[in-house]
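Take a look at the structure set out below.
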Amino acid sequence: MLQKPRGTRDFLPDEMEARRSVEWRMREVGRRWGYREVCTPEFEDLELFTMRSGEGIIGEMYVFEDKGGRKLALRPEITAAVIRMYINEAKVAPKPLRWCYFADCFRYERPQKGRYRQFWQFGVELIGADSAMADAEIIMVASEMLTTAGVRFDLKVGHLALMRNLIADLEPADQRKVRAHLDKREFDSLRETLAAMGKPDLAQSLISLVECRTLKEALTITGDLPESKRIEQTLAALDAYGVQYSLNFGIARGLDYYTGIVFEAFADNLGAENQILGGGTYRLAHLFGGDDVASCGFAIGFDRVMVSLGESSRPRQETIVGIVCTDEGRARALEVSRAFRSAGIRAEMDLMERGLGAQLAHASKTADFAVVIGKRETESGEVTLKNLKTGEQKSLDLAAAIAEVGAHGAR
RNA sequence: GCCAGGGUGGGGUAGUUGGUCAUCCUAGGGGACUGUGGAUCCCCCGACCCGGGUUCGAGUCUCGGCCCUGGCCCCA
């Protein structure tokens, strides 16, 4: 038997309903903040992704050549494509641009819990605003989206300027090593590494910085910075809006195009793959031949959110009506089913040529109400409405039956 | 790429020291019934992940692969 490709998943209707319901909650938060949805191609020129991340990532991408010999790749993430689109299509649009997206991405990695080869991201990008309030807004949206989705999470906010200031004297390669140690909290290795670089004193400063929980404390380690005023304003805005977060100046956020504020969120009930959101301010446009526009944004690992929500995200069941009829009642039953559907109610008819009893048996398993249309109902013009949960049954006219079912759904 | 544990009908399971090509539950389909069901009875459907090896004989032992689960690595 044919299997689905490794790291991909099939979603049955129940699961799709749960996913769509969470997706729409996130979308709705975006809408309320003015973030409008954009869509970019599923695949792009390979170059778009290697330009800023290097050739090394090719091994973890789905790369292929099309019939015209173009080197293409399934998108491993969306931010680069959104910025590419901004340069191509929207450079002169009034700033700031508030955009969001919900889309699938592809990475060739070893699947494990919360990590698949095809996965979905819900992302938000704020392009062309370079201010404390812009930084704050994107974090507020991030926090509100996760909260509205119903996840329990810890939000950690940091800023790259502080650590960069401390290690500015080191060679770029050494900076990378130091940041990697700090990110993993390997303090002993950090001390050794810095001692070998002839900077043994730096280790304690860096460790203190990473453990700092207030900005004031952090600035006593680094000294005052040009960015400190803006950071202060950003944090003040977060506090004013009521965002729950903790400071962590050790956040490194992978690659070099992040420039300032960085933040990450972790679900508290997941295992190794517990990061459900990551973002920050970045400058990317100049790499793709555009202006050096300031941007910030984040992406939510949608599948991890769904894992974190688990069973708690069961969608509310919609009211379902089974239209049950005899041969004599079929024509009338079709009219009746159309009336229910026109009223927005899900109505299903028998397709198995079952008898009345068997149709009811089926309806009792799959529906909330049965509407019985036989010879008697066809002649009287009324319908028999049976509540399949209570067994209560009555004869009433079509409009009244629709009203009663509609009222049930509204509860 | 590395480590650990797994793969028996659609879902969940049993399977003795290798020995009737396999248990039970559930779901699904059909029948009895036929204008009131989800009851009962009967029937049907449908599985040992794939390939090699050992053996008279492999679901069971062995090797390889594939896939799943968790972890490492990575995480744009």
Side-chain angles (χ1 to χ4, degrees), chain A residues 1-10 12 14 44 46 48-61 73-83 105-117 119 121 123 180 183-184 251-258 262 264 270-280 282 284 287 297-299 301 304 307 322 324-329 333 350-380 383-395:
Chain A
M1 186 158 54
L2 234 43
Q3 292 175 320
K4 61 186 178 300
R6 183 160 203 213
T8 63
R9 288 159 297 158
D10 294 318
L12 288 166
D14 281 349
E44 296 265 2
L46 174 60
L48 176 70
F49 304 114
T50 54
M51 267 178 114
R52 54 110 202 228
S53 309
E55 305 285 316
I57 59 166
I58 292 181
E60 294 181 354
M61 283 199 287
L74 297 183
R75 57 187 176 204
E77 50 105 22
I78 316 269
T79 300
V82 168
I83 296 305
C105 304
F106 303 84
R107 294 183 192 173
Y108 192 84
E109 295 181 292
R110 184 82 166 73
Q112 60 190 65
K113 184 172 188 173
R115 176 197 276 185
Y116 308 96
R117 289 183 172 178
F119 60 97
Q121 288 194 334
D183 195 44
K184 292 178 207 158
I251 298 176
R253 285 303 301 143
L255 295 187
D256 296 332
Y257 62 85
Y258 284 100
V262 286
E264 299 175 335
L270 295 183
E273 304 287 319
N274 65 338
Q275 188 184 332
I276 53 173
L277 177 147
Y282 60 89
L284 208 48
L287 281 178
F298 64 84
R304 291 183 189 176
V307 174
V324 171
C325 68
T326 61
D327 288 343
E328 301 96 323
D350 171 62
L351 301 175
M352 305 293 282
E353 303 184 332
R354 291 183 170 116
L356 196 69
Q359 289 183 47
L360 274 162
H362 181 255
S364 72
K365 279 181 263 183
T366 59
D368 305 290
F369 290 94
V371 170
V372 183
I373 313 287
K375 190 156 176 256
R376 292 203 293 270
E377 287 82 0
T378 306
E379 285 164 359
S380 72
V383 301
T384 300
L385 179 69
K386 184 174 184 110
N387 183 321
L388 293 165
K389 299 285 183 292
T390 64
E392 177 197 358
Q393 172 174 321
K394 52 189 156 186
S395 185

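Every chain is numbered from 1 and lettered A, B, ... according to where its sequence line falls, protein lines coming before strand lines.
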Practice task
Go through B/G38, B/C75, B/U36 for me and flag the one nearest to the A/Ala361 side chain.
Solution key: B/G38
Handout entry: Side chains of A/Ile276 and A/Leu270 in contact at under 4.5 Å (non-hydrogen atoms)
Key = yes
Exercise for the section: Please figure out whether A/Thr326 or A/Arg117 has its closest RNA chain B nucleotide nearer the 5' end. Expected result: A/Thr326
Problem - B/C72 phosphate, OP1 or OP2, under 4.0 Å from A/Lys184 side-chain N/O - result: no
Practice task
Please determine, for B/C41, whether a Watson-Crick or G-U wobble partner exists with both distances under 3.5 Å, and give it or none.
Solution key: B/G31
Problem - A/Glu273 with A/Arg304: basic N within carboxylate O range, under 4.0 Å - result: yes
Practice task
Starting from P on B/G6, measure out to NZ on A/Lys113 and report it in whole angstrom.
Solution key: 19 Å
Completion exercise
With the side chain defined as heavy atoms from C-beta on, A/Arg110 is closest, among B/A76, B/G35, B/C3, to B/C3
Problem - Of A/His362 and A/Pro76, the one whose closest RNA chain B nucleotide lies more 5' - result: A/His362
Practice task
For nucleotides B/C49 and B/C68, find the distance between their C1' atoms and express it as a whole number of Å.
Solution key: 11 Å
Problem - Quiz item: A/Gln393 side-chain donor-acceptor pair to B/U36 base, under 3.5 Å - result: yes
Exercise for the section: Answer yes or no: is there a side-chain heavy-atom contact under 4.5 Å between A/Glu264 and A/Leu277? Expected result: no
Practice task
When you get a sec, tell me which of B/C74, B/G35, B/C72 is the closest nucleotide to the side chain of A/Gln112?
Solution key: B/C72
Problem - Annotated protein contacts, base or backbone, on nucleotides 46-51 of chain B with a non-hydrogen cut-off under 4.0 Å, one of B, S, - each - result: ------
Exercise for the section: Go ahead and name the base partner of B/G1; Watson-Crick or wobble counts if both distances stay under 3.5 Å, otherwise write none. Expected result: B/C72
Practice task
Could you state the atom-to-atom distance from OH of A/Tyr108 to P of B/G1 in whole Å?
Solution key: 6 Å
Problem - Atom C1', compared across B/G51 and B/A58: separation rounded to whole Å - result: 14 Å
Handout entry: Distance, P atom - from B/U23 to B/G46, rounded to whole angstrom
Key = 14 Å
Exercise for the section: Give the nucleotide from the list B/C2, B/G30, B/C74 with an atom nearest to the side chain of A/Arg354. Expected result: B/G30
Handout entry: Span that lies between the C1' atom of B/G57 and that of B/U17, in whole angstrom
Key = 15 Å
Practice task
Answer with base, sugar-phosphate or nothing: what part of the nucleic acid does A/Val324 contact at a heavy-atom distance below 4.0 Å?
Solution key: nothing
Practice task
Rounded off to whole Å, could you give me the CG-to-C1' distance for the A/Leu284 and B/A76 pair?
Solution key: 10 Å
Problem - Options B/U36, B/C2, B/G30, nucleotide nearest the side-chain atoms of A/Met352 - result: B/G30
Handout entry: Rounded distance (Å) that lies between atom P of B/C75 and atom CD1 of A/Ile57
Key = 11 Å
Problem - Identified pairing partner of B/G19, criterion: Watson-Crick or G-U wobble below 3.5 Å - result: B/C56
Fill in the blank from the handout: Taken to the nearest whole Å, CG/A/Leu356 to C1'/B/G35 is 5 Å
Handout entry: Side chain to side chain, A/Leu48 and A/Leu46, heavy atoms closer than 4.5 Å
Key = no
Exercise for the section: Please measure how far the C1' atom in B/G65 lies from the corresponding atom in B/G10, and state the result in whole Å. Expected result: 26 Å
Problem - From A/Glu44 atom CD to A/Met61 atom CE, the distance as rounded to the nearest 0.5 Å - result: 11.5 Å
Practice task
For A/Thr384 and A/Glu377, test the side chains for any donor-to-acceptor distance below 3.5 angstrom and give the result as yes or no.
Solution key: yes
Problem - Sugar-phosphate, base or nothing in reach of A/Gly7, heavy atoms under 4.0 Å - result: sugar-phosphate
Handout entry: Side chain proximity check, A/Thr79 to A/Val82, heavy atoms < 4.5 angstrom
Key = no
Handout entry: Minimum-distance nucleotide (side-chain atoms of A/Arg107 versus B/A76, B/G38, B/C68)
Key = B/A76
Exercise for the section: Measure the distance from CD on A/Glu273 to C1' on B/G70 and round it to the nearest whole Å. Expected result: 11 Å
Handout entry: Heavy-atom side-chain proximity of A/Ile373 to A/Val324 below 4.5 angstrom
Key = no
Problem - C1'-based separation of B/G71 from B/C48 [nearest Å] - result: 29 Å
Practice task
Sticking with atom C1', work out how far B/U16 lies from B/G52, rounded to a whole angstrom.
Solution key: 28 Å
Practice task
Give a yes or no on whether a donor-acceptor pair under 3.5 Å exists between the nucleobase atoms of B/U36, that is its base, and the side chain of A/Lys386.
Solution key: yes
Practice task
Identify whether any heavy atom of A/Gln359 sits under 4.0 Å from a base atom; if not, whether one sits that close to sugar-phosphate; answer base, sugar-phosphate or nothing.
Solution key: nothing
Problem - Span that lies between the P atom of B/U26 and that of B/U69, in whole angstrom - result: 29 Å
Practice task
Could you state the atom-to-atom distance from OH of A/Tyr116 to P of B/C68 in whole Å?
Solution key: 10 Å
Practice task
Return the nearest nucleotide to the side chain of A/Tyr258; candidates are B/A76, B/U36, B/C67.
Solution key: B/A76
Exercise for the section: With the side chain of A/Thr384 defined as its heavy atoms from C-beta on, choose the nearest nucleotide among B/G70, B/C73, B/U36. Expected result: B/U36
Practice task
Check A/Met51 against A/Leu287 and note the closest heavy-atom contact, atom names and distance.
Solution key: CE-O, 2.9 Å
Exercise for the section: Just call it for A/Glu328: base, sugar-phosphate, or nothing, with non-hydrogen atoms closer than 4.0 Å on any strand. Expected result: nothing
Practice task
Return the nearest nucleotide to the side chain of A/Met61; candidates are B/C68, B/A76, B/C74.
Solution key: B/A76
Problem - Side-chain donor/acceptor of A/Asn387 to backbone N/O of A/Gly391, under 3.5 Å - result: no
Completion exercise
Atom CD1 of A/Ile58 and atom C1' of B/C74 are separated, to the nearest Å, by 16 Å
Problem - Polar side-chain contact A/Glu109-B/G1 base: donor and acceptor under 3.5 Å - result: no
Problem - Basic-acidic side-chain contact under 4.0 Å: A/Glu77, A/Arg75 - result: no
